Amino acid sequence: MNIYGLTFSQLEKYLLQTGEKPSKAPFIYKGLYQQQVDSLLELPAIRQSLKEKLHAVFTMEQPRLLAQTESADTVKFLFALQDNSLIEAVLMRQNYGNSLCISSQVGCNMACAFCQSGRFKKVRSLQPEELVTQVLFIQKHLQLKISNIVLMGIGEPFDNYDNVMRFLEIVQHPHGLALGPRHITVSTCGLVPQILQYAAHPAHGLLAISLHAPDDETRSRLMTINRRYPVAQLMDAARTCIRQTGKKVMLEYVMLQGINDHPWQAQLLADLIGTDDFHVNLIPYNETQNLGFTQSSRERILAFYDILKKNKITVTMRREFGSSVKAACGQLRADYEQSSKPENR
Ligand code: SF4
């Protein structure tokens, strides 16, 4: 069993059940997450016999780095897991710290029309340790501290709900990475039952919803999930989340030329939001191969932005991270698989 998959209370329980003092758990967690030891035999402040016992029972496997591409403010990683499944993570150097976007599944079943990852069907969901070790590996590899985690890479986090919530417990624990709930964002394409569960969970972080259209007709064309949970139902769940957590909800909106960037859609979005505590993030589309979408022109993005602003909506335009490092989800993996084909070697 991989030790990075244990929540703090699971570790305490293991110690108790094996005749050890649960009071050793903080020292073990600090060794794993704050000192990031390479071997359980190196855990500080733990007696030798317990270190050997842990070493005999637990593994510390981390993902294998296959490829890394960099630009000034972005580093993209392609990892292989133990079963050789491929996942991606992207580090973004922001002015408020290092933000890491991680994957939650191998492939994705949500089939959003504009997304490269939607082309790779879900193979499996990631275990908590496979989520945790993406963070730990990159921290150690680049010798930096991750200050924000975003679950916005490959996969739908709420289609892997239990493992994602265990991950949140581990990284939020004061003896673990000690990240506060405002430093972790889970992004969903709109699974309404899980949004409501998340809002009521003690380890919730922030919530981001990939909205991408305010009308059901456009959204159903872009995102098949909208046929199950239409816009009105999704916005109701988001409002419940705002009420229960006391935190604003981000609405992600990828700008697609001629599809979802019309002025009437900006007005409809403003009407949908009203005075509720949402934050709209307009994202220039990162054009990937053969998906048939183009990035909205700067003029259209600015016109959309202005309408939201005039309606007193909190709105930002995200910098276009990573187009030079293949940061559209699934793009690095697609390139790697293409170049690894025998005919391309
Ligand atoms: S946008 Fe997200 S939910 Fe949709 S297919 Fe891509 S990875 Fe899956």
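Just follow the structure's listing: the first ligand is 1, and inside any ligand the first atom is 1. Please read these numbers as outputs of a predicted model, since none were measured by experiment.
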Discussion item. Is the distance between the ring centroids of Phe58 and Tyr14 under 6.0 Å?
Written reply: yes
For ligand 1, which atoms, with element, lie under 4.0 Å from some heavy atom of [X]?
X      : result
Gly155 : 7 (S)
Cys108 : 3 (S), 5 (S), 7 (S), 8 (Fe)
Ala111 : 5 (S)
Met110 : 3 (S), 8 (Fe)

Worksheet item: Is the distance from atom 6 (Fe) of ligand 1 to the nearest N/O/S atom of Cys115 under 2.8 Å?
Response: yes
Item to complete: Considering only NZ, NE, NH1 and NH2 on the basic side and carboxylate oxygens on the acidic side, decide whether Glu129 and Arg166 come within less than 4.0 Å.
Response: no
Fill in: Heteroatom test (N, O or S) for Cys112 near atom 8 (Fe) of ligand 1, limit 2.8 Å
no
Discussion item. Could you walk me through whether Asp83 and Arg124 satisfy the side chain to side chain contact (heavy atoms under 4.5 Å, CB included) test, starting with their C-alpha distance in whole Å, then the side-chain angles of each, then the deciding distance to 0.1 Å, before giving a yes or no?
Written reply: CA-CA 11 Å; Asp83 61 356; Arg124 67 177 178 86; 2.7 Å; yes
Discussion item. For a 4.5 angstrom cut-off between non-hydrogen side-chain atoms, does Phe278 reach Lys248?
Written reply: no
Worksheet item: Taking only residues at least two apart or on different chains, which pairs with a member in residues 178-195 satisfy salt bridge (charged side-chain N to carboxylate O under 4.0 Å, His left out)?
Response: none
